There are 2 protein chains.
Amino acid sequence: MSLYETVREELLRRVRNGTYACDTLLPSVATLSEEFGVSPITVKRALRDLRAAGVLVTIRGKGAYVKKQVRILRQLDMRMHSLHGTDISLISVTREKISDPSMVSLAPPDQMMLCVRKVISSDGAPFLYDASYLSSNVEDEIVDEFGRNFIVDALRKREIRIVKTEIVVEAFPATGKAAEIFDVPNGFPMLRRNYKMVTTDANITIYGVVQAPFDRLACSIDFPTLAMEI
Amino acid sequence: MSLYETVREELLRRVRNGTYACDTLLPSVATLSEEFGVSPITVKRALRDLRAAGVLVTIRGKGAYVKKQVRILRQLDMRMHSLHGTDISLISVTREKISDPSMVSLAPPDQMMLCVRKVISSDGAPFLYDASYLSSNVEDEIVDEFGRNFIVDALRKREIRIVKTEIVVEAFPATGKAAEIFDVPNGFPMLRRNYKMVTTDANITIYGVVQAPFDRLACSIDFPTLAMEI
DNA sequence: GAGTGGTCTAGACCACCCT
DNA sequence: GGGTGGTCTAGACCACTCC
C-alpha cells in the first residue's frame with residue numbers, strides 16, 4: 001500500500017473509532033505530516049481522498065472537519081410531502097429537449113418539453129435535485145404550481161392520476177453542475193433516479209431525473225409477495 | 001476553474017465527442033503536457049480524476065485507454081438466471097455476524113450466520129459481488145448449492161418460497177475490498193443493494209448485500225399502478 | 001501577520017511494458 | 001534501454017480565516 005493510502009486509512013480509522021469526533025477540526029496538515037513523518041503534500045493527498053469519499057469537509061483557511069453523517073432513507077413508494085422540514089426551491093423553468101444521456105433507457109420523446117428544475121432541502125441542506133419534463137403543450141397556469149409543489153400534488157389538484165411508473169436507479173460521479181449545487185467535490189458518488197410516469201391524461205407523460213449525494217439519500221423498496229433474484 | 005480541471009474537462013470532451021475513441025490509447029502524459037503547456041504532474045492529476053470517474057483505464061508502462069462503456073440494466077423483479085453469459089464464482093463460505101454498517105437499516109439479527117460470498121461475471125468481467133447471510137442452523141447440504149446457484153433457485157428446489165422482500169439501494173465509494181474485486185480505484189462510485197427476504201420457512205430469513213461499480217450496473221423498477229412521489 | 005488549505009511546478013525514484 | 005505511468009518530495013504562490 002502506498003504512503004498516502006496508509007495515511008488515509010489511518011485517518012479513516014480514527015474517524016470511525018471516534019478519535020476524531022463528528023464536527024471537530026482535524027490537526028493541521030503540517031502537524032499530521034510531522035506525526036506521520038511524511039511530506040505535507042502526501043497528507044494533503046490523503047485528505048483529498050477522504051473528502052472525495054464524504055468523510056471530511058475542508059474549509060480554506062480553517063482546516064478539515066469530520067463530516068456529520070445524516071442520511072435520509074426514503075421509501076420509493078412514499079409520498080414526498082410526508083417528509084418533515086423539507087423546503088422546495090425553484091431553480092428554473094425552461095423549454096428544452098431531453099438531452100441527458102442517462103435518460104435514454106426510458107426512451108424519452110425527441111421534442112421540446114417543459115422542464116422544471118428544483119432543489120429540495122432538509123434543514124437547510126440540499127439533498128435532492130430534480131429536473132422534470134412535461135409535454136410542452138401543458139397549460140401555462142400549471143407551470144407555476146409545478147415550481148412550488150411536488151408534481152403528484154399539482155396533478156392531483158387537476159384530478160390527474162398516475163397510471164404507471166418506470167424507474168431506473170444508478171450511481172454516478174458528480175459532475176460540474178450537480179457538484180456545485182450540493183457543494184461536493186467532482187467525482188463524488190451520487191445516486192440518480194430516472195423516472196417516467198404515465199398519467200390518466202394521455203397528453204401528459206412526465207419524465208425526470210432526481211439526483212442526490214450518496215451520503216444524504218438512500219432508497220428503500222418493499223415487495224410484498226414477489227420472488228426476487230439473488 | 002483550476003488548471004487540472006480545465007485539462008480534465010477538455011480531455012473528457014474529446015472522449016465524449018469521439019476524438020479519443022473507445023479502447024484507444026491516449027497521447028502520453030509528456031505529449032499532453034506539451035500540448036496544454038502545463039506540467040506533466042498536472043496532466044497526471046487530470047488523468048487521475050478521469051480514472052476515478054470511470055472514463056479511463058490506465059496500465060502502467062503502456063498508457064491510458066478510453067474505457068468501454070457497457071452497462072447492464074437489471075430489472076429488480078427479474079430473475080437472475082435469465083441473464084445470458086453470466087458466470088458464478090464462489091469466493092468463500094464462512095460463519096460470521098452481520099457487521100456491515102450499511103445493513104443496519106434492515107435490522108439484521110445479532111447472531112452467527114452462514115455467509116456465502118460470490119462474484120457474478122458477464123463475459124469475463126465481474127459486475128456483481130454478493131454476500132448473503134442465512135441462519136446458521138440451515139442444513140449443511142444446502143450450503144453447497146448456495147455457492148453454485150442463485151439463492152432463489154436453491155430454495156425453490158426445497159420448495160421454499162419468498163414471502164416478502166425489503167430492499168435498500170444506495171451509492172457509495174469503493175473501499176479496499178470491493179475496489180480490488182472489480183479492479184476500480186479507491187473512491188470509485190458504486191451501487192449497493194441491501195436485501196432482506198422472508199421465506200415460507202420460518203427458520204430461513206435471508207439477508208444480503210450486492211455491490212456493483214456504477215458503470216457496469218443499474219437497476220430498473222416498474223410500478224404498475226402506484227402513485228409516486230416526485 | 002500568522003496560520004490554514006489548494007494548486008502548480010521541478011525533479012527524482014520506482015514499476016512496468018515493449019523492443 | 002527507452003518509454004510509460006505512479007508516487008513522493010521540496011518549494012513556491014495564492015486565497016482564505018482569525019487575531
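Letters A, B, ... mirror the listed sequences (proteins, then strands); counts begin at 1. Quantities reported herein were computed from a predicted structural model and do not represent experimental measurements.
Backbone-only engagement by B:Arg45 is indicated by non-hydrogen atom pairs under 4.0 Å involving sugar-phosphate atoms exclusively.
Contact annotation: A:Tyr4 does not reach the phosphate of D:dC8 (side-chain N/O to OP1 or OP2, under 4.0 Å). For C:dT4, the OP1/OP2 oxygens have no side-chain nitrogen or oxygen of A:Thr58 closer than 4.0 Å. Contact annotation: B:Lys62 reaches the phosphate of C:dC18 (side-chain N/O to OP1 or OP2, under 4.0 Å). In this structure, B:Thr42 does not reach the C:dC8 phosphate: none of its side-chain N or O atoms is under 4.0 Å from OP1 or OP2.
Taking for each of A:Ile41 and A:Gly61 the nucleotide of DNA chain C with the nearest heavy atom, the 5'-most of the two is the partner of A:Gly61. Where A:Gly37 and B:Thr31 meet DNA chain D, the nucleotide closest to each residue was compared, and B:Thr31 sits on the side nearer the 5' end.
For the pair B:Arg48 and A:Asp49, the salt-bridge criterion is met [side-chain N within less than 4.0 Å of a carboxylate O]. Salt bridge B:Glu9/B:Arg13: absent, no basic N to carboxylate O contact under 4.0 Å.
When the nucleotides D:dT4, D:dC18, D:dA10 are ranked by their closest atom to the side chain of A:Ser39, D:dA10 comes out on top. Which of D:dG5, C:dC8, C:dG5 sits closest to the side chain of B:Arg60 comes down to D:dG5. For B:Leu3, the side-chain atoms get nearest to C:dT9 when compared with the rest of D:dT7, C:dT9, C:dG6.
Whole-Å rounding puts the B:Asn186 CG to D:dG6 P distance at 15 Å. Note: CD (A:Glu34) to P (D:dA10) measures 12 Å, nearest angstrom. What separates CG of A:Leu26 from C1' of C:dG6 is a distance of 17 Å, to the nearest Å. One interatomic measurement links the two molecules: CZ of B:Arg48 to P of D:dT4, which rounds to 21 Å at whole-angstrom precision. To the nearest angstrom, C1' of D:dG5 lies 16 Å from CG of B:Asp49. Whole-Å rounding puts the A:Met1 CE to D:dT7 P distance at 12 Å.
For the atom pair CG of A:Asp100 and OH of A:Tyr133, the computed distance is 6.5 Å after rounding to the nearest 0.5 Å. Note that CG of B:Asp215 and CZ of A:Phe172 are 13.5 Å apart. Values are rounded to the nearest 0.5 Å. Going from atom CD of A:Glu10 over to atom OG1 of A:Thr6 covers 9.5 Å, rounded to the nearest 0.5 Å.
Between the base of C:dG5 and the side chain of A:Lys44 there is no donor-acceptor pair shorter than 3.5 Å.
Between B:Tyr129 and B:Phe182, the ring-plane angle classifies as perpendicular under the 30° and 60° cut-offs.
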Pairs under 3.5 Å (Watson-Crick or G-U), crossing ones as [ ], inter-strand ones as |: DNA chain D comes out as ||||||||||||||||||.
List the steps, then state whether side chain to side chain contact (heavy atoms under 4.5 Å, CB included) holds for B:Leu32 with B:Leu11.
-> CA-CA 10 Å; B:Leu32 289 172; B:Leu11 292 177; 4.1 Å; yes
